[in-house]
Amino acid sequence: MKTLRDVKIGRTATVVKVHGEGPVRRRIMDMGITKGVEIYVRKVAPLGDPLELTVRGYELSIRKVDAENIEVE
């Protein structure tokens, strides 16, 4: 299973499924990360956390632990 954390800088990935439970999953989906959405990885902080993404035309930063819950292809 490939997750958003595995996507390299400058690459685009399509969301297959959002894993996780309860509030964590809900929060990710509330940010616009749902099945079928394309996510562009803009950059990663120097220590690897957080990731800066472009989703649905806006910029978003998420933690690595949350990126692991997002399955992509």
Pick out which of Val55, Asp49, Ile70 makes a side chain to side chain contact (heavy atoms under 4.5 Å, CB included) with Ile62.
-> Ile70

Closest non-hydrogen atoms of Arg63 and Leu51, given as atom of the first, atom of the second and distance, are O-CD1, 4.5 Å

Would you say Asn69 and Val24 make side-chain contact, with heavy atoms under 4.5 Å?
-> yes

Hey, are Asp30 and Arg27 close enough for a salt bridge, meaning a charged N less than 4.0 Å from a carboxylate O?
-> no

Within a strict 4.5 Å, meaning less than it, do heavy atoms of the Leu60 and Ile33 side chains meet?
-> yes

May I ask you to decide if Gly32's main-chain N or O and Arg56's side chain share a donor-acceptor pair within less than 3.5 Å?
-> yes

State plainly whether the residues Arg42 and Glu59 are in salt-bridge range, i.e. N to O under 4.0 Å.
-> yes

Linking I/L/V/M/F/W/Y whenever any side-chain heavy atoms sit under 4.5 Å apart, do Val65 and Leu4 land together?
-> no

Could you go through the side chain to side chain contact (heavy atoms under 4.5 Å, CB included) check for Thr34 and Met29 one step at a time?
-> CA-CA 6 Å; Thr34 55; Met29 293 178 76; 4.2 Å; yes

Would you kindly confirm whether Tyr40 and Ile9 end up in one hydrophobic cluster when ILVMFWY residues are joined by side chain heavy atoms under 4.5 Å apart?
-> no

Mind checking whether Val7 and Ile39 have side chains closer than 4.5 Å, heavy atoms only?
-> no

Sequence neighbours excluded, which residues qualify as side-chain contact (heavy atoms from CB on, under 4.5 Å) partners of Glu71?
-> Met1, Val16, Lys17, His19

Mark yes or no for whether Arg25, through its side chain, and Val18, through its backbone, hold a donor-acceptor pair below 3.5 Å.
-> yes

Straight-line distance of Thr3 OG1 to Lys64 NZ, nearest 0.5 Å | 11.0 Å

Distance from Ser61 atom OG to Leu53 atom CG, nearest 0.5 Å?
-> 7.0 Å

